[in-house]
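Everything on this sheet refers to the single structure shown next.
All chains are named by letter (A, B, ...) in the order of the sequence lines, taking the proteins before the strands, and each is independently numbered beginning at 1. Note that the structure is a prediction, hence the values are computed from the model and not measured.
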Protein chains: 2
Amino acid sequence: MDHHIKTLSPIKVGCANCNLKDLCMPMGLNLTDTERLNQVVTARKRIKRGKTLYRLGDKFNSIYAIRTGYFKTCVTTEDGRDQVTGFQMAGEMLGLDGVMSDEHSCTAVALEDAEVCVMPFEDIEQLSREIPSLQRHVHKILGGEIVRDQYVMLLLGSMRAEERLAAFLLNLVERLHARGFSQTELILRMTREEIGSYLGLKLETISRTFSKFAEEGIVDVNQRHIHILDAQALHQLVDHSNCKHALAA
Amino acid sequence: MDHHIKTLSPIKVGCANCNLKDLCMPMGLNLTDTERLNQVVTARKRIKRGKTLYRLGDKFNSIYAIRTGYFKTCVTTEDGRDQVTGFQMAGEMLGLDGVMSDEHSCTAVALEDAEVCVMPFEDIEQLSREIPSLQRHVHKILGGEIVRDQYVMLLLGSMRAEERLAAFLLNLVERLHARGFSQTELILRMTREEIGSYLGLKLETISRTFSKFAEEGIVDVNQRHIHILDAQALHQLVDHSNCKHALAA
DNA sequence: CGACACCTTGAAGAGGTTCAAGAAATGTGG
DNA sequence: CCACATTTCTTGAACCTCTTCAAGGTGTCG
């Protein structure tokens, strides 16, 4: 296997020895299939903070696996104003929004210097016809996006500001934890305005809600450094929102 | 080809002569491939109004193409209260929410007596490994769901009540028009409460907004019978929402 | 015809927004 | 390395949209 990795491409770290292989595309593949997948990764791409990986309207060619860095995806209106539709971190996929119409339906912006693996979608399709477990995984990635979006709809449709921010923080630390980071401390890569856009709130509301959480001793907030002191309280906020609506119904 | 249809199943109407074939799963397939797809449709299922096709937590086995009738999908909390995540009509697919975790992440309820074609997902996967254009179509269906959900997030995250209802009505008539119905008249299959849940508003707000539209001569509202008198005005409401935000930024 | 679900409308109230000003952090160029 | 410009964040006060609560009306189905 090893000689393959060396001869195939100038990329030093292949899928097989990437530390994200259990979260990313090779998830569940055996060594042989992982190597075949690795051959699809034709390039790596570095994106500076603030730059875009692709823009709304761009031709869709490839999907991207994030190796390092953070992204936001947003739907930009003609005038430059945008609605954030998601935040993505290492091991997550970008670009699937383009599958439907062969052009991207949103813009992906790096929130910090980032590196992605470029996977031409036609090659992924080809390979997934040959490797059922890869096909399954592609379907799961696409389907997972649907489930995530449903949850955001529930959040936007039925939660109040505090509940939304609590759910947001819990979701972030959970994903960070899966990547080996702390369950209680995190650094936000996005501005209050971007969080607000994602949660359907104004930046002032985000700021105020953070202050409220801090007053109540639920979190410690220092700019973008967040220390979760009482995760239980956050969970109760989110869960309680369901109960409350149930009683109201 | 014809003898296949007759011998294979007791189903009288196959995909090849279904009047939804250009909107539904066989879209873009040639006759031979359409017939192979038809063999995957092992059953039809009738669902009475108010009954569920599947429930949150059910094992995921199949996806469903709607032949007749309307559905809503909703995320039900333990207490029976639910957030509507979408409305589906003839030619659209249901069940994709289960692809990710092998169990359904929402509940599909018939809003009127309905009939669906049952397609075991493993068979669809098998066939799409053999027919690239079917594979592409499965990807497009999954990807299309993502794009649609993004739009709903934009709607919930940044539009006001009037804008949301305008967008909702326009989306409905557009889909109905694609199915040969009027561009100006429609009958709502769902209650004000269900519309409200979908749009992140209360049923009273929906009712009031309908009344406001009626006062302004934009639509004619008679219970669930809606006559759109000024589609232009509705479009302006939706488009204007973007402009306004752009100016505010 | 009566029971039930659904819809409409009003009035009061709450949650979030808007506008505004100032403070803190970050980045830039000399 | 510091001063200045810029971006980001915080907080207050007034306002507005949507919600909540309540009552009555309309339609539908057994």
Side-chain angles (χ1 to χ4, degrees), chain A residues 48-50 72 80-81 83-84 109 111-113 155-166 187-215 219-226 237 240-241 244-249, chain B residues 48-50 72 80-81 83-84 109 111-113 155-166 187-215 219-226 237 240-241 244-249:
Chain A
K48 282 276 172 200
R49 181 180 154 199
K72 70 170 176 183
R81 159 79 175 161
Q83 160 85 17
V84 175
V109 183
L111 294 176
E112 59 178 21
D113 294 0
L155 182 148
L156 291 172
S158 73
M159 291 190 189
R160 296 207 332 280
E162 288 176 43
E163 297 158 359
R164 293 185 197 188
L165 190 59
I187 296 176
L188 301 172
R189 259 51 202 213
M190 64 298 278
T191 67
R192 304 287 195 256
E193 185 169 21
E194 287 162 338
I195 298 173
S197 175
Y198 180 59
L199 298 179
L201 300 166
K202 294 294 154 190
L203 68 97
E204 294 94 330
T205 306
I206 302 298
S207 186
R208 272 185 250 272
T209 309
F210 267 132
S211 300
K212 182 145 187 274
F213 283 174
E215 269 174 37
V219 298
D220 208 42
V221 183
N222 273 69
Q223 292 296 121
R224 299 195 181 180
H225 298 250
I226 307 289
L237 264 174
H240 187 62
S241 79
K244 233 185 42 184
H245 289 135
L247 293 172
Chain B
K48 281 275 171 201
R49 180 179 157 202
K72 69 170 177 182
R81 160 77 176 163
Q83 159 83 19
V84 174
V109 183
L111 295 176
E112 59 179 19
D113 293 0
L155 181 147
L156 291 172
S158 73
M159 291 189 189
R160 299 209 329 281
E162 288 177 42
E163 297 159 0
R164 294 185 197 188
L165 190 59
I187 296 176
L188 301 172
R189 258 50 204 216
M190 64 296 279
T191 66
R192 305 289 195 255
E193 184 169 22
E194 286 162 339
I195 298 172
S197 174
Y198 180 60
L199 298 179
L201 300 166
K202 294 294 153 188
L203 69 97
E204 293 94 333
T205 305
I206 301 298
S207 185
R208 272 186 250 273
T209 308
F210 268 131
S211 299
K212 182 145 187 271
F213 284 174
E215 270 174 38
V219 299
D220 207 42
V221 183
N222 274 68
Q223 292 296 121
R224 300 197 179 177
H225 297 248
I226 308 289
L237 264 174
H240 186 62
S241 79
K244 233 184 44 182
H245 290 136
L247 293 173

For this session: Please check the phosphate of C:dT9 (OP1 and OP2 only) for any side-chain N or O of B:Ser211 closer than 4.0 Å.
Result: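 Checking C:dT9 against B:Ser211, a side-chain N or O does come within under 4.0 Å of OP1 or OP2.
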
For this session: Would you mind telling me which of D:dT20, C:dT8, C:dT17 lies closest to the side-chain atoms of B:Ser207?
Result: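 Among the listed nucleotides, the one closest to the side chain of B:Ser207 is C:dT8.
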
For this session: Look at the side chain of A:Arg224 and decide which nucleotide, out of D:dT8, C:dT8, C:dT9, has an atom nearest to it.
Result: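 The closest nucleotide is D:dT8.
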
Starting at [atom1] of [X] and ending at [atom2] of [N], how long is that distance when rounded to a whole Å?
X	N	atom1	atom2	value
B:Leu156	D:dT17	CG	P	19 Å
B:Leu188	C:dT8	CG	P	10 Å
A:Phe210	D:dT11	CZ	P	13 Å
A:Leu199	C:dT17	CG	C1'	16 Å
B:Glu193	C:dT8	CD	P	13 Å
B:Ile195	C:dT8	CD1	C1'	14 Å
B:Asn222	C:dC6	CG	C1'	15 Å
B:Met190	C:dA5	CE	P	20 Å

Problem set entry | Donor-acceptor contact below 3.5 Å, side chain A:Arg164 vs main chain A:Met159 |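 Yes, the answer is positive, given that a donor and an acceptor are paired below the 3.5 Å cut-off.
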
Exercise. Under 3.5 Å, is there a donor-acceptor pair between the side chain of A:Thr209 and the main chain of A:Thr205?
Worked result: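 Here the side-chain-to-backbone pair exists.
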
Exercise. At what angle, to 10 degrees, do the two end axes of the helix from C:dC1-D:dG30 to C:dG30-D:dC1 meet, given five pairs define each axis?
Worked result: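 Comparing the first five pairs with the last five, the axes sit 50° apart.
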
Test item: [X] and [Y] side chains (from C-beta on) under 4.5 Å apart, heavy atoms:
X	Y	result
B:Leu203	B:Thr191	no
A:Leu165	A:Phe210	yes
A:Lys72	A:Glu194	yes

Under 3.5 Å between N/O atoms: give me all the protein pairs with nucleotides 14-16 of chain C, atom names plus distance.
residue	atom	partner	partner atom	Å
C:dG16	OP1	A:Ala161	N	2.5

For this session: Could I get the full list of side-chain hydrogen bond (donor to acceptor under 3.5 Å, both in side chains) partners for A:Glu204, not counting sequence neighbours?
Result: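 Listed in chain order: nothing, the list is empty.
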
Exercise. Partners of A:Glu112 by side-chain hydrogen bond (donor to acceptor under 3.5 Å, both in side chains), sequence neighbours excluded?
Worked result: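 Partners of A:Glu112 by the side-chain hydrogen bond (donor to acceptor under 3.5 Å, both in side chains) criterion, ordered by chain and then number, come out as A:Arg189.
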
Problem set entry | Separation between CD of A:Gln83 and CG of B:Leu155, rounded to the nearest 0.5 Å |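 So the gap between those two atoms works out to 9.5 Å.
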
Exercise. Rounded to the nearest 0.5 Å, how far does CG of A:Asp220 lie from CD1 of A:Ile226?
Worked result: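 Result: 8.5 Å between the selected atoms.
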
Problem set entry | Results of side-chain contact (heavy atoms from CB on, under 4.5 Å) for A:Ser207 - residues two or more places apart only |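 With neighbours one apart ignored, the set is empty.
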
Exercise. Can you name the closest pair of heavy atoms from A:Leu237 and A:Glu163 and give their distance?
Worked result: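 It is O-CG, 3.5 Å.
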
For this session: Classify the side chain of A:Arg192 and the base of D:dT11 as holding, or not holding, a donor-acceptor pair under 3.5 Å.
Result: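 For A:Arg192, whose side chain was compared with the base of D:dT11, there is no donor-acceptor pair (under 3.5 Å).
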
Problem set entry | B:Glu204 vs A:Leu203, nearer the 5' end of DNA chain C by closest nucleotide |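 Taking each residue's closest nucleotide, the earlier one in sequence belongs to B:Glu204.
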
Exercise. Is the shortest distance from a Lys or Arg side-chain nitrogen in A:Asp113 or A:Arg49 to a carboxylate oxygen in the other one below 4.0 Å?
Worked result: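 Answer for the salt bridge query: no.
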
Are any protein N/O atoms closer than 3.5 Å to N/O atoms in nucleotides 23-30 of chain D? If there are, list each pair with its distance.
none

